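In this chain, numbering begins with 1 at the start of the sequence shown. Keep in mind it's a predicted model, so treat the numbers as computed, not measured.
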Amino acid sequence: MRAVHLLALGAGLAVATPALANESVLKSIANPAEQALQTVDYANTRYSKLDQINASNVKNLQVAWTFSTGVLRGHEGSPLVVGNMMYVHTPFPNIVYALDLDQGSKIVWKYEPKQDPSVIPVMCCDTVNRGLAYADNAILLHQADTTLVSLDAKTGKVNWSVKNGDPAKGETNTATVLPVKDKVIVGISGGEFGVQCHVTAYNLKDGKQAWRAYSVGTDDQLLIDPEKTTDMGKPIGKDSSIKTWEGDQWKTGGGCTWGWYSYDPKLDLFYYGSGNPSTWNPKQRPGDNKWSMTIFARNPDTGKAKWVYQMTPHDEWDFDGINEMILSDQKVDGKERPLLTHFDRNGFGYTLDRATGELLVAEKYDPAVNWATKVDLKTGRPQVVSKYSTEQNGEDVNSKGICPAALGSKDQQPAAYSPKTALFYVPTNHVCMDYEPFKVSYTPGQPYVGATLSMYPAPNSHGGMGNFIAWDGVNGKIKWSNPEQFSAWGGALATAGDVVFYGTLEGYLKAVDAKTGKELYKFKTPSGIIGNVMTYENKGKQYIGVLSGVGGWAGIGLAAGLTDPNAGLGAVGGYAALSSYTNLGGQLTVFGLPNN
C-alpha cells in the first residue's frame with residue numbers, strides 16, 4: 001500500500017497514515033469534489049472545503065437538475081459522489097442508482113434488492129435508510145432486513161452479502177455503515193422490540209464476521225476489559241452491565257446502535273452511541289441499565305472498548321444516545337485537546353476528551369429542556385427533576401410537560417462543524433411531551449414499548465417546533481438560533497464558503513451565514529426534507545444536493561397515513577399540521593450557480 005501523506009481525518013485533525021485507516025476512503029475524503037461517506041469525513045464534521053458557492057453569491061443558486069427515486073416514504077441520508085459517479089439510495093426497498101454525472105446523470109446501473117415486506121411494520125420509525133458508504137471500489141448498503149451488501153461500484157454486481165440480524169425477532173436496520181481499514185462496521189435497530197443490540201465488524205473483502213460487541217450483557221459480550229475500560233476515568237469493574245439490570249432483563253435490554261459512527265485514525269478509535277433500554281416503562285427495569293444511552297470508544301480491529309460514558313442512566317423518557325459524535329481539535333483553557341462533541345436526545349450538548357473520555361462540558365442546547373437541571377461534571381450524572389420523572393411518578397400516571405419529547409432536542413439529523421468558525425450547526429427539535437408508562441410483557445418479535453405519548457411545541461416560546469442553532473462546544477453556549485415552524489429534521493452541511501445549509505420538514509432547502517445565521521437563500525423542494533444536504537464538484541463546478549421525501553419519526557403520520565394522535569409513538573398528533581405544507585415524494589434536487 002503506497003504512502004499517503006496529505007490525508008487528514010477531518011478538518012483541523014491530525015494527519016494519519018493509511019495503516020490507521022482505509023486508503024480509498026482517505027483519498028476520497030481528501031478530495032472535496034467527492035463524498036464517500038455520509039458523514040463527509042471520518043470526524044463526522046459534515047464540512048466541505050468547497051467555496052465556489054459562498055455567502056455573497058449563494059442567493060443566485062438555481063435548480064441544475066433533479067432525479068426521481070421512484071419511492072415514497074422518508075428519504076434520510078444523502079447521495080455519494082466518487083469520481084464522475086453519483087450513488088443514490090432510497091427508503092425500503094433500498095434501491096441503489098449509479099448515475100454518470102458526465103452524461104446528464106444517466107443511470108449506469110440499478111440495484112433493487114428483493115426484501116420481504118413483512119420487515120416494514122417492524123421498523124421504527126418509518127422505512128428510512130441513512131445511506132451508502134464507499135470503500136475499495138465497492139458501494140456498501142445495509143438493507144432494512146439487515147442484509148449487508150457489497151456492490152461493485154462500476155457494475156452494481158453483488159460482491160458478497162451477509163445477514164446481520166433477524167427481523168422475526170425485531171432486528172432491522174435504518175443506518176449507514178463505517179468502512180475502516182479492512183473492515184466495515186455496522187449497527188442494528190430494534191430497541192422497541194427488546195433486541196439485545198450490538199455493533200459488528202465484517203471483512204470488506206469477503207463479508208466474513210470479524211467481531212461483535214453488544215451494548216448490554218456480560219463482559220465477554222461487551223468486548224470490555226473490566227480493569228482497562230474506563231468510565232469517568234475509572235475502571236468499570238466486573239459485570240458492569242448485568243449488575244445494573246434485574247435478573248435476566250439485560251437479554252432484552254435494547255441499547256441499539258442505529259446512529260452515526262466516527263473514527264480517529266491517530267488514536268485508532270471509533271465512536272458511536274447506544275440507544276434506549278427496553279422497555280419504555282422504567283418501573284419494569286430497576287437500575288442504571290448499562291450500557292444503554294452510552295458513548296463508546298472502541299478499537300476497530302478488535303472491537304475492544306477503551307472508554308464508555310452513560311449520558312442518561314436508567315432512561316425514563318426514550319432519550320436514545322445514538323446521535324453523531326463530531327471530532328475536532330480545539331483549545332480548552334489554552335491547551336489544544338482532541339475533542340468529541342455530542343448533541344444528545346436528552347437536550348444536553350456534551351464535549352469530552354475523545355482520547356480519555358473525560359467529561360468537559362454538558363450544557364442545554366435548547367432552553368426548554370426541563371427534565372434535569374444540570375449534569376454533574378464530576379459524576380457525569382444528570383440531576384433529574386422529580387416532577388418530570390416517569391419513574392418516580394409511577395405506572396399509569398401521565399407525566400405532563402416533559403421537555404424535550406422522546407424524539408429529543410435532536411434526533412438522527414446530523415449537525416455540522418466548521419473549523420473556520422469553530423462552531424457547530426445543529427438542526428433541533430423544540431418539542432415537549434406527556435408520557436404515561438404502563439406494564440408490558442416481552443414476546444419475541446412483538447413491540448415492547450410500554451408507554452403512551454403525546455407531543456406538542458415547547459410552551460411559552462416562539463410557537464414553532466424547531467430551531468437551527470450555532471453552538472460553541474468549548475463553552476457550551478448557543479451563539480445564535482433561528483426558529484422553525486416544524487422540527488429541523490434534515491442534516492446540516494457547513495462549507496468553506498461560510499455558508500451552512502439545512503432542510504426543513506416543509507421542504508425548504510435553506511442557506512444561512514455561518515457567522516450570523518442570517519438567511520441567504522431558500523427554495524422549496526417537492527416534499528419535506530429529512531435528508532442531509534451534500535455538496536460535490538463536477539467539471540470544475542460546485543453543486544449542492546439534497547433528497548426530499550417527507551417521513552421519519554416526525555413525519556410518520558403523513559408518510560404512513562396515520563391519523564390517531566397517539567400513533568407513531570406520539571408524533572402523529574404533534575405534527576398533524578405538516579400535511580398542510582407538504583406531501584409525499586421522493587426526489588433528489590441539485591442546485592448550482594448560473595453559468596455566466
Check ion pair Lys510-Glu484 (N to O, under 4.0 angstrom): yes

Any side-chain donor near an acceptor of the partner, Asn429 and Gln413, under 3.5 Å: yes

Lys420 atom NZ, neighbour heavy-atom count above 12 within 6.0 Å: yes

Gln412 side chain near Trp260 side chain, heavy-atom distance below 4.5 Å: yes

Flag if over 12 foreign heavy atoms under 6.0 Å of NZ, Lys154: no

Heavy-atom check, side chain of Val119 versus side chain of Phe92, under 4.5 Å: yes

For Ser481, all residues meeting side-chain contact (heavy atoms from CB on, under 4.5 Å), sequence neighbours excluded: Asn467, Ile469, Ile478

salt_bridge(Asp329, Arg354) N-O dist < 4.0 Å: yes

Trp258 versus Ser189, closest heavy-atom pair with distance: CB-OG, 3.2 Å

Sub-4.5 Å side-chain heavy-atom contact between Val158 and Tyr111: yes

For Tyr581, the option from Phe486, Tyr508, Tyr575 that meets ring pair (Phe, Tyr, Trp, His ring centres under 6.0 Å): Phe486

Nearest heavy atoms of Leu584 and Ser527, plus distance in Å: C-OG, 3.7 Å

Nearest-0.5 Å distance, CD1 of residue Ile556 to SG of residue Cys124: 8.5 Å

Side chains of Ile29 and Leu37 in contact at under 4.5 Å (non-hydrogen atoms): yes

Asn94: which of His142, Gln115, Glu112 passes side-chain hydrogen bond (donor to acceptor under 3.5 Å, both in side chains): Gln115

Phe501 vs Leu61 side-chain heavy atoms within contact, under 4.5 Å: yes

Within 6.0 Å of NZ in Lys479, more than 12 heavy atoms from elsewhere: no

Those residues that, when tested against Asp136, pass side-chain contact (heavy atoms from CB on, under 4.5 Å) (two or more places apart): Asn22, Ser24, Leu204

Side chains of Asp498 and Asn54, donor plus acceptor under 3.5 Å: no

Under the salt bridge (Lys or Arg N to Asp or Glu O under 4.0 Å) test, residues paired with Glu324 that sit two or more places apart: Lys410

From OG1 (Thr525) to CD (Glu506), nearest 0.5 Å: 10.0 Å

Any side-chain donor near an acceptor of the partner, Gln209 and Thr200, under 3.5 Å: no

Crowding at NZ, Lys208 (>12 non-hydrogen neighbours, <6.0 Å): no

SB check Asp126 Arg73 (cutoff 4.0 Å): yes

Glu34-Tyr134 side chain donor-acceptor pair, cut-off 3.5 Å: no

Validation row: Gln38, Ser78 side chains within 4.5 angstrom (heavy atoms): yes

Glu519 and Asn482: side chain donor to acceptor below 3.5 Å: no

Donor on one side chain, acceptor on other, Tyr502 and Asn532, under 3.5 Å: no

Arg298-Tyr272 side chain donor-acceptor pair, cut-off 3.5 Å: yes

Under 3.5 Å side-chain donor-acceptor pair for Asn164 and Thr146: no

Any Ile53 side-chain heavy atom under 4.5 Å of Leu593 side chain: yes

Tyr365-Phe424 aromatic ring centre distance below 6.0 Å: no

Asp268 with Lys181: basic N within carboxylate O range, under 4.0 Å: yes

